[in-house]
Amino acid sequence: MGKKYETPLLDELKKGKWPSFVAEMERAAETSEMTGDLLGQVEQSYKEKMGHWKHGGMVGVKGYGSGIVGRFSDLPEKYPGVKEFHTVRINQPSGFFYKSDSLRKIVDIGEKHASSLFNFHGSTGDIQILGVKTSELETIFQQLVSFGFDLGGSGSALRTPSCCVGMARCEFANYDAMHICYNITQAFQDEMHRPIFNYKFKFKFSGCGNDCTASIARADMSIIGTWKDNIRIDQGMVKEYAKKMNLHKYVTSKCPTKCMNYSDTGLEIDDSNCSKCMHCINVMPKALRPGIKGGATILLGSKAPMVSGPRLSMVLVPFYDVAEDAKNGYQWFKDFVGKIWEFWDEYGVNRERIGELIQRVGIGNFLEAIGLEPLPEMVSSPRGNPFVLYEDYVEADEGQGESPQG
Amino acid sequence: MGKKYETPLLDELKKGKWPSFVAEMERAAETSEMTGDLLGQVEQSYKEKMGHWKHGGMVGVKGYGSGIVGRFSDLPEKYPGVKEFHTVRINQPSGFFYKSDSLRKIVDIGEKHASSLFNFHGSTGDIQILGVKTSELETIFQQLVSFGFDLGGSGSALRTPSCCVGMARCEFANYDAMHICYNITQAFQDEMHRPIFNYKFKFKFSGCGNDCTASIARADMSIIGTWKDNIRIDQGMVKEYAKKMNLHKYVTSKCPTKCMNYSDTGLEIDDSNCSKCMHCINVMPKALRPGIKGGATILLGSKAPMVSGPRLSMVLVPFYDVAEDAKNGYQWFKDFVGKIWEFWDEYGVNRERIGELIQRVGIGNFLEAIGLEPLPEMVSSPRGNPFVLYEDYVEADEGQGESPQG
Amino acid sequence: MPDVSGTKRITDVGPHDYHDFLHPVIKNNYGKWKYHEILSTAHMVHVSETGDKIYSVRVGSPRLVSGSFIKDLCDLADKYSEGYLRFTTRNNVEFLLDKEDNIEPLMNDIKKLNLPLGGIGNVVANIVHTQGWIHCHTAASDASGVTKSLMDDLYEYYIDAKLPAKVRIAFACCLNMCGAVHCSDIAVLGIHRRPPKLLSDKIINLCEIPSTIASCPTNAIRPDTYNGKPSVKLIEEACVFCGNCFTVCPGMPISDPLNDGVSIWVGGKVSNARTKPSFSKLAVSYLENDPPRWPKVVEAVKTILDAYKNGAEKGERVGEWIERIGWPKFFKITGFKFTKYHIDDFRLGEATMNYSAQVRQ
Amino acid sequence: MPDVSGTKRITDVGPHDYHDFLHPVIKNNYGKWKYHEILSTAHMVHVSETGDKIYSVRVGSPRLVSGSFIKDLCDLADKYSEGYLRFTTRNNVEFLLDKEDNIEPLMNDIKKLNLPLGGIGNVVANIVHTQGWIHCHTAASDASGVTKSLMDDLYEYYIDAKLPAKVRIAFACCLNMCGAVHCSDIAVLGIHRRPPKLLSDKIINLCEIPSTIASCPTNAIRPDTYNGKPSVKLIEEACVFCGNCFTVCPGMPISDPLNDGVSIWVGGKVSNARTKPSFSKLAVSYLENDPPRWPKVVEAVKTILDAYKNGAEKGERVGEWIERIGWPKFFKITGFKFTKYHIDDFRLGEATMNYSAQVRQ
Ligand code: SRM
Ligand code: SRM
Ligand code: SRM
Ligand code: SRM
Ligand code: SF4
Ligand code: SF4
Ligand code: SF4
Ligand code: SF4
Ligand code: SF4
Ligand code: SF4
Ligand code: SF4
Ligand code: SF4
């Protein structure tokens with residue numbers, strides 16, 4: 001369709017070795033006029049150093065409250081193609097695995113009914129089709145469903161859960177992250193598509209402490225693989241590694257709990273003190289493997305800075321036996337999440353994430369409400385200040401005695 | 001004078017190997033009737049599991065607002081000897097050094113004019129004569145002054161400064177803690193004896209990072225020795241130590257900055273990365289010594305829990321050249337403290353310690369007010385949240401342009 | 001459960017079942033992988049207990065791509081990996097091959113497409129970024145442009161493993177931080193620096209006043225009235241320019257070309273390996289927006305990366321390196337100025353002071 | 001400067017000049033000490049660059065002592081150390097000798113006085129403690145009694161060096177913490193557990209209402225009126241029993257024999273050696289007062305000490321040991337119960353949660 005606007009600034013970004021998003025926009029513009037206008041508007045943003053999108057706007061498909069992010073240009077006359085330029089969030093398959101046929105179908109939709117521009121993937125995990133007009137939403141949705149894809153989350157709802165590659169291609173996976181992610185997403189379709197929460201809620205599943213989904217930083221509930229038994233050691237391979245590197249310097253001395261010892265007799269690990277950090281295994285993957293009694297630690301509460309500062313997730317359940325629960329369709333997990341959502345629903349306020357709520361009401365109270373025992377695993381250390389809110393005191397037969405201070 | 005009351009509970013505390021305070025009280029009771037009554041009252045406390053002292057009470061000697069802690073029994077009829085049982089706080093000499101003649105004189109005073117009971121020493125550092133009647137205060141004071149002792153601090157005043165043994169008997173001392181402590185105490189007699197502060201203010205001087213006065217935990221200003229140059233190494237002695245212990249395990253691997261390396265060629269230290277923690281020197285005092293360019297780090301703000309939780313002191317001046325300032329009568333230090341007190345005076349509220357104030361007004365503002373540059377040494381790490389209060393912005397010729405969001 | 005009988009509009013089918021997308025070798029060895037070996041920055045092999053092997057070839061992507069880009073990938077997958085491919089959590093593409101012989105031809109074809117081969121091992125990983133001026137209304141900077149400028153300059157670090165450990169860079173265009181900026185080795189963050197405007201006519205008509213007030217982290221927004229209707233006023237001195245009020249209330253726009261820009265953060269991490277996960281910390285408090293190539297931002301990131309490369313020990317992440325040498329030295333060798341903005345004065349800020357006499361002199 | 005002419009009352013002479021109290025060997029070698037050697041738990045030698053030596057003999061003291069006690073010390077000093085002696089920052093006594101030959105006879109005389117020789121090196125150091133029922137009005141427990149009971153039981157640890165490192169125990173009788181309880185290896189803290197009584201007649205007459213309200217860490221005290229005069233009321237559920245209101249206002253007594261008692265804290269330290277200074281952390285949230293010998297307190301401290309002695313590596317302070325084995329194990333081996341009281345919910349409490357997947361299983 002040719003170039004509609006001069007874009008000298010954006011053109012600069014076609015140079016260089018890294019693949020250029022500008023080139024991609026131009027490629028997309030070949031099949032979509034909307035994208036031609038997008039190039040024009042973005043060039044103007046580059047000139048003026050500011051964006052040109054209006055504030056928000058609610059759009060969606062029938063029966064869904066989420067999955068579409070409405071977007072409108074504040075220069076619709078100048079760039080009519082971006083007057084409406086919504087995003088359709090499509091729930092990605094577990095582990096971001098695809099076969100080419102499905103991908104082509106998704107691309108077709110985006111080329112025919114939208115801007116031909118995509119995000120593979122959004123930060124939460126969705127495939128995003130950018131540049132959709134309101135009028136095209138239902139068509140796109142129907143087509144997606146027809147070959148087994150559905151919308152992801154947006155707004156005050158469960159957000160699209162995601163997981164690492166896990167057991168599909170990683171020897172470190174301690175539980176089947178892809179399976180539980182799929183199962184849970186299917187089970188909570190309603191919570192994802194019809195926003196009734198106080199705010200967003202995110203799950204991310206990582207198969208081990210390396211946390212390749214960054215769940216501890218950006219999931220309200222982070223499910224991170226761990227194990228209960230001993231690290232499996234192949235002493236022969238350890239010796240091989242020792243030939244190539246200083247095991248003391250690069251392995252044992254970096255163990256956070258100092259529970260390893262390497263000597264002529266081999267590598268010894270005090271597994272009762274190992275905090276499953278993954279370091280030694282990462283460095284010597286041919287010699288060490290996590291134990292076989294795999295499971296996950298469940299952590300709660302991470303999020304971006306608004307309103308009270310950034311948060312990481314904190315330990316809630318030190319060991320969750322995922323494989324055991326899988327036998328029962330993850331019923332324990334679903335009930336557990338249900339209790340948390342109930343509490344959030346009852347005590348949370350509008351736009352309050354679960355991590356903020358817990359901090360506001362006190363962790364002790366939260367634990368009591370959802371029926372968890374306080375455990376030292378939850379803290380990096382116990383309290384250091386003496387302001388303890390002891391909950392009850394003994395009363396004497398006070399009518400009789402003197403008042404203590406007379 | 002014999003035993004006035006049965007004290008079966010206290011008697012239990014005369015048993016055992018550790019010297020008994022009850023036995024001491026009984027010894028004191030031999031020369032002071034007051035202490036006989038104290039035994040009675042304390043026995044009653046042991047029976048009832050509560051104290052029998054009234055709330056506070058202002059007493060003092062003429063011209064002084066501090067140095068005496070008033071104390072009155074809430075059972076004065078029953079135990080007339082403890083009706084008034086005040087404490088006289090006597091400013092200890094630097095480093096708690098004495099000669100027997102002076103000590104005997106202090107004891108004499110306590111035996112003649114008080115309960116014959118003493119604290120050697122109070123937690124802040126004072127010698128305390130316990131059990132003084134208001135009527136005896138002036139006599140005691142006059143006598144003390146006559147042989148060169150004076151009262152310490154109490155109330156909302158400078159509290160008795162104290163210091164470690166320092167250069168007098170410790171090879172680790174990086175500056176003359178006893179000298180500056182003495183000089184500063186002399187200089188601030190008025191601030192110590194006439195309470196005009198918002199609350200108490202404490203100085204503690206420790207000659208090195210071992211901090212044998214626990215200054216970092218309980219002094220509003222903690223002055224802790226450090227050095228600028230290199231650790232002095234006697235490689236021969238290092239080898240001797242190496243024969244007796246695993247230097248790697250007990251020395252180098254415990255260095256907090258991992259700046260040491262021990263090998264056949266000897267011990268190497270990257271002094272630019274050494275944080276002067278004292279560990280290696282502590283373990284091998286015959287082989288290692290702090291550098292010769294000694295000085296101190298000045299830290300601010302530690303205190304007990306009330307009202308907002310316990311605090312440790314934080315770094316304010318990474319390196320204070322004490323010896324240089326000594327040439328000038330510690331004038332820099334005095335001016336520096338003066339600026340801090342001025343700020344505290346102006347912005348602090350009643351019963352607000354300096355550490356609490358700084359936190360309330362913001363460290364940046366505090367630094368600006370007292371004229372210190374912000375330094376990375378002051379923080380364990382820079383901010384992790386993006387809520388930065390940038391102080392000024394550029395204004396365009398706003399009449400002309402469009403308002404940004406149109 | 002959705003009604004799929006056809007009589008009702010089909011909804012809630014959920015994500016596609018991933019089993020349909022798994023390479024047969026992966027299906028057969030699911031959960032049985034024994035170890036992996038990194039063969040180059042662009043490919044690795046995973047070996048199963050059964051002896052089976054799967055090769056992964058990794059390719060960089062700008063994430064914001066055209067349909068043609070995806071179709072190119074599909075063509076390659078059809079040619080070399082029976083149509084199977086995946087994306088990584090940092091938006092790289094991975095082709096999954098069971099035949100070692102296919103690796104070289106695949107790589108050659110990728111090169112023909114001018115796509116970068118790399119991203120595995122001790123590299124600068126693909127930058128996680130957000131929408132920016134391309135698509136978001138609260139952006140204080142552009143995302144794709146900064147990312148592209150950085151990756152062009154850091155290209156060698158993506159294709160070669162020259163670093164002591166992996167370096168994860170993230171970009172977010174506003175404090176909402178849709179990228180994992182708060183826990184990245186190096187992060188670039190779009191920031192505003194001027195309080196929002198109060199468009200009172202909009203505020204009284206479009207904004208829910210209590211949420212608007214509650215949205216402010218520093219309590220700078222106070223209730224007020226305008227034309228007799230509930231509105232808000234602003235304590236400008238307390239504003240930290242977060243833009244959260246604008247997210248809640250369209251009547252408080254905060255974008256301002258003269259004052260918007262980016263800040264740079266370092267030393268965060270997510271993994272639990274060795275050290276605990278940690279936040280990124282403020283390194284450079286402000287750099288102006290200078291599109292199209294943000295040279296100052298690129299230079300600052302380069303400065304950090306060079307210092308890290310020269311100073312860190314093998315296996316040390318950026319934050320671990322800085323902790324070892326100390327923040328004073330970090331500021332010294334990078335030449336960045338430490339200011340009062342670097343001292344945390346927010347919520348848990350007190351916990352970040354140096355409460356010790358451990359000081360490098 | 002004080003007027004010492006005699007015409008005016010002499011004031012502000014300040015502390016006695018320490019130079020008068022320094023042993024000649026100390027005076028001559030001031031600032032020249034080269035190294036020290038610990039010869040036993042009761043004596044050490046400091047060697048000067050000049051070759052001079054000073055021997056220090058350390059003796060335990062209950063701190064609360066009679067005049068006779070001090071005179072006993074003076075007699076010994078006169079006999080063996082030319083009258084010179086000092087006290088330590090933990091209330092031990094140190095005789096300073098230049099003659100090695102005097103050490104043994106001095107020690108023998110000390111033994112005759114039944115005073116403990118020890119306290120140097122890897123011992124339980126003398127307990128820093130406070131006033132308690134002997135002299136303070138806000139005490140929730142006695143200081144000297146608990147200290148004596150503990151030291152009787154820990155005597156062997158004072159005279160022999162059986163521990164991995166030095167253990168500093170502190171006692172404070174209320175949350176004012178006049179001992180350095182908040183940064184001790186093991187700390188015993190007197191606590192109240194019942195809200196203060198409101199003696200309104202006293203409050204309106206004796207208390208300054210604004211300071212009383214400001215004294216409360218949890219904002220549990222609110223303004224009120226009583227008999228038409230300004231007074232306060234109490235939100236009992238918010239009270240954390242700190243007693244600070246009583247310090248400010250005699251009308252709010254908080255002592256209550258049935259509920260007062262002690263809590264036990266572990267793992268604090270002050271020195272900067274190896275690890276940074278750190279707070280003591282809650283181990284046992286409540287033990288009742290059981291005078292005269294507080295057996296449960298002694299038992300709990302003993303439990304910690306035994307676990308530490310058995311588990312720690314040489315040179316590890318209590319807190320360093322616990323950090324290495326992890327708090328879960330600490331609670332397991334001591335048998336202390338971890339409760340919600342152990343989770344910090346005050347000011348910077350959030351900073352103490354476990355924000356990592358580093359968990360021992
Ligand atoms: C598209 C996406 C960025 C991207 O380029 O990938 C995105 C885009 C937006 N985010 Fe986000 N967020 C996206 C992932 C995230 C993440 C990362 C994650 O999920 O792993 C975060 C940080 C983690 C977290 O949830 O805290 C994130 C934290 C936010 C916040 C701050 C939330 C908070 O509690 O602090 C907001 C503000 C809000 O919710 O109003 C926000 C709001 C927004 C809005 C909806 C702003 C708005 O009101 O219009 C953006 C729409 C932009 C657009 O043009 O479509 N976005 N957002 C990501 C979602 C794509 C997907 O579904 O896969
Ligand atoms: C005597 C002494 C305890 C001892 O047995 O050694 C002591 C005793 C009292 N202290 Fe203290 N404090 C003593 C050292 C401390 C210390 C330790 C130190 O100075 O190194 C602290 C902790 C550090 C600090 O300053 O924060 C300390 C923190 C307090 C506090 C809490 C202050 C705060 O800001 O949180 C109070 C409450 C107050 O000031 O009202 C307090 C109040 C008191 C009062 C005055 C309570 C009162 O209102 O009557 C006590 C008088 C008891 C008495 O019977 O004489 N005392 N007090 C110590 C002073 C002796 C001396 O002069 O040498
Ligand atoms: C493919 C991917 C998972 C996925 O489901 O997509 C993945 C795959 C692997 N990761 Fe990862 N990680 C992936 C994102 C992550 C992330 C998340 C992120 O970067 O946003 C993290 C946390 C980052 C952080 O800490 O900030 C992550 C932290 C690790 C670590 C821990 C590194 C460390 O020492 O801190 C390891 C272990 C290692 O590299 O030695 C690891 C190791 C691995 C291994 C070796 C696991 C294995 O045996 O297969 C994989 C190849 C590593 C490589 O790329 O060099 N993976 N890995 C992700 C690739 C992203 C990319 O395209 O660059
Ligand atoms: C005499 C005294 C100073 C004074 O001015 O009175 C003193 C004297 C010495 N201290 Fe200390 N320290 C003294 C209180 C302290 C304190 C304060 C306290 O306990 O309240 C501390 C901080 C305690 C803490 O960290 O909680 C303290 C932390 C140290 C350390 C660091 C220990 C560690 O590894 O954490 C050393 C180094 C060592 O012991 O290896 C040390 C080393 C020393 C040396 C070896 C220094 C020397 O070369 O002379 C002295 C003999 C040690 C010994 O007693 O075993 N001194 N020392 C104090 C004796 C107190 C007592 O009677 O027990
Ligand atoms: S999180 Fe662990 S299991 Fe998952 S991909 Fe990363 S290394 Fe593998
Ligand atoms: S996994 Fe981590 S904690 Fe466990 S032994 Fe290895 S390095 Fe140590
Ligand atoms: S603080 Fe340092 S200089 Fe002072 S006595 Fe202790 S070890 Fe010696
Ligand atoms: S003093 Fe501390 S930081 Fe310095 S080299 Fe010795 S152990 Fe390391
Ligand atoms: S970071 Fe801010 S500007 Fe960027 S996409 Fe997210 S909400 Fe929009
Ligand atoms: S920009 Fe942020 S800090 Fe400023 S007024 Fe709005 S919400 Fe408050
Ligand atoms: S700790 Fe409390 S009770 Fe004990 S002396 Fe200090 S103020 Fe008094
Ligand atoms: S005891 Fe403490 S918490 Fe309770 S009311 Fe008084 S000041 Fe407040």
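Per chain, numbering begins at 1; letters A, B, ... match sequence-line order.
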I'd like to know whether CD1 of B:I292 has more than 12 heavy-atom contacts from other residues, nucleotides or ligands below 6.0 angstrom.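 Incorrect, the count does not exceed 12.
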Over 12 non-hydrogen atoms of neighbours within 6.0 angstrom of CD in C:E236: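 Enclosed: over 12 neighbouring heavy atoms sit under 6.0 Å from CD of C:E236.
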Output the option from [options] having the highest count of non-hydrogen pairs under 4.5 Å with chain C.
options	result
B:K293, B:E368, B:K258	B:E368
B:D211, B:D392, B:I298, B:V388	B:V388
B:L300, B:L299, B:D270	B:L299
B:C208, B:P318, B:G301	B:P318
B:T297, B:L389, B:L367	B:L389

Could you tell me whether a side-chain N or O of B:Y393 sits under 3.5 Å from a main-chain N or O of C:H192, the two making a donor and an acceptor?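 A pair under 3.5 Å: no.
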The single option from B:M378, B:E377, B:K276 passing side chain to side chain contact (heavy atoms under 4.5 Å, CB included) against C:V359: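 Looking at B:M378, B:E377, B:K276, the match for C:V359 under the side chain to side chain contact (heavy atoms under 4.5 Å, CB included) is B:E377.
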Nearest-0.5 Å distance, [atom1] of residue [X] to [atom2] of residue [Y]:
X	Y	atom1	atom2	value
C:H182	B:N385	NE2	CG	11.5 Å
B:T226	C:Q358	OG1	CD	10.5 Å
B:N273	C:R324	CG	CZ	7.0 Å
C:Y355	B:I216	OH	CD1	10.5 Å
C:I343	B:M314	CD1	CE	8.0 Å
C:K329	B:T257	NZ	OG1	9.5 Å

Does any backbone or side-chain atom of [X] lie under 4.5 Å from a heavy atom of chain B? Answer side chain, backbone, both or neither.
X	value
C:E323	side chain
C:K337	side chain
C:L189	side chain
C:A238	backbone
C:I191	side chain
C:C183	neither
C:S263	side chain
C:P217	side chain

I need the contact set between residues 266-276 of chain C and chain B: heavy-atom distance under 4.5 Å, sorted by residue number.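 Residues of residues 266-276 of chain C touching chain B at under 4.5 Å: none.
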Do the side chains of [Y] and [X] get nearer than 4.5 Å, heavy atoms only?
X	Y	answer
B:S381	C:W327	yes
C:F331	B:P382	yes
C:N259	B:Y390	no
B:P386	C:M177	yes
B:P376	C:F330	no
B:I363	C:D344	no

Given that the side chain runs from C-beta out, which part of [X] has a heavy atom under 4.5 Å from chain C: side chain, backbone, both or neither?
X	value
B:S272	both
B:E391	both
B:I358	neither

Let's test your reading of the structure: which of C:S285, C:G326, C:C239, C:G349 forms the most heavy-atom pairs below 4.5 Å with chain B?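 Result: the option with the highest number of such pairs is C:S285.
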Option in C:W265, C:F241, C:Y341 with maximal non-hydrogen atom pairs under 4.5 Å from chain B: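 Result: the option with the highest number of such pairs is C:Y341.
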Shortest non-hydrogen contact from C:C242 to B:F387?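 Closest approach of C:C242 to B:F387: CB-CE2, 3.6 Å.
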Quick check: closest heavy atoms across C:R194 and B:V394, and the distance to 0.1 Å?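 Minimum heavy-atom separation between C:R194 and B:V394: NH1-O, 3.9 Å.
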Have a look at C:E350 and tell me which of B:R383, B:R311, B:R360 forms a salt bridge (Lys or Arg N to Asp or Glu O under 4.0 Å) with it.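 Filter result, single survivor: B:R311.
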